[in-house]
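Counting convention: from 1, in listed order, for ligands and their atoms alike.
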Amino acid sequence: MLAELIKVSKEYQAGDGKIIALQTTDFKLQEGQLTLILGPSGSGKTTLLSLLGCVIYPTSGDLYVMGRHVNKLNAKELAKLRLENIGFVFQQFNLLAPLNTEENIGMPLKMLGLHGREIRKKVDEAMELVDMTDRRKSLPKQMSGGQQQRVAIAKMGHQSQNYIM
Ligand SMILES: Nc1ncnc2c1ncn2[C@@H]1O[C@H](COP(=O)(O)OP(=O)(O)OP(=O)(O)O)[C@@H](O)[C@H]1O
Ligand SMILES: [Mg+2]
């Protein structure tokens, strides 16, 4: 087990009220699994990642990361845990590094449950729109900043309500 949240919540003080950034959550992060965290804007995805990444403490509940009880660590111990175990990869323009142009653009459609033929049609249209058809097999790192940006725009075109991170 890489990390476990047991009835963890996160609240922030806002004036005399409070904002619930993460509602009471049970969650396990297993080794060797690819985990996607999906949800509407403001639902607490970044807060969950920040907890898993040992950047913030939970307000209530118990958080374990790499077998350590995060609640009980001081800031210095927490920083050491982060340094030794956790890497944050911020993906420019939200493109996934191992996926090529058409895979990146089609990824949200796949997650929405669309069928292959439907996805290919929408992806072709989206690529056409941003003039990236000739780079359909290119990986993000093989493209210029502007080209990556156009792929990201094509991807968002049919994804206006879905956020990843
Ligand atoms: N440091 C903070 N202080 C006050 N409120 C916060 C803080 N961080 C997050 N929130 C609030 O907690 C809620 C969850 O925020 P969070 O950033 O986790 O959402 P998210 O799911 O990542 O959203 P998005 O998809 O827009 O990135 C939001 O209402 C946000 O305004
Ligand atoms: Mg976020």
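- Remark: ligand 1 and Gly42 share an N or O pair separated by less than 3.5 Å (distance only, no angle test).
- Remark: side-chain polar atoms of Tyr57 are paired, donor with acceptor, to backbone N or O of Leu73 under 3.5 angstrom.
- Listed by atom number, the atoms of ligand 1 under 4.0 Å from Pro40 heavy atoms are 21 (O).
- Contacts between Ser50 and ligand 1, counted as non-hydrogen atom pairs separated by less than 4.0 Å, are absent for every part of the residue.
- A salt bridge between Glu118 and Lys122 is absent, with no side-chain N of the basic residue lying under 4.0 Å from a carboxylate O of the acidic one.
- His69 meets the side chain to side chain donor-acceptor pair (under 3.5 Å) test with Asp62, Asn71; sequence neighbours excluded.
- The shortest N/O to N/O separation between Gly44 and ligand 1 falls below 3.5 Å.
- To the nearest 0.5 Å, the span separating NZ on Lys141 from CG on Leu95 amounts to 13.5 Å.
- The nearest non-hydrogen atom to atom 22 (O) of ligand 1, considering only Ile37, Leu22, Thr46, comes from Thr46.
- Among the atoms of Ser41, no N, O or S atom falls under 2.8 Å of the Mg ion (ligand 2).
- Ligand 1 places these atoms under 4.0 Å from at least one heavy atom of Ser43: 19 (O), 21 (O).
- Distance CG/Leu49 to CG/Leu51: 9.0 Å, rounded to 0.5 Å.
- Residue pairs satisfying the side-chain hydrogen bond (donor to acceptor under 3.5 Å, both in side chains) criterion with at least one member in residues 12-27, sequence neighbours excluded, are absent.
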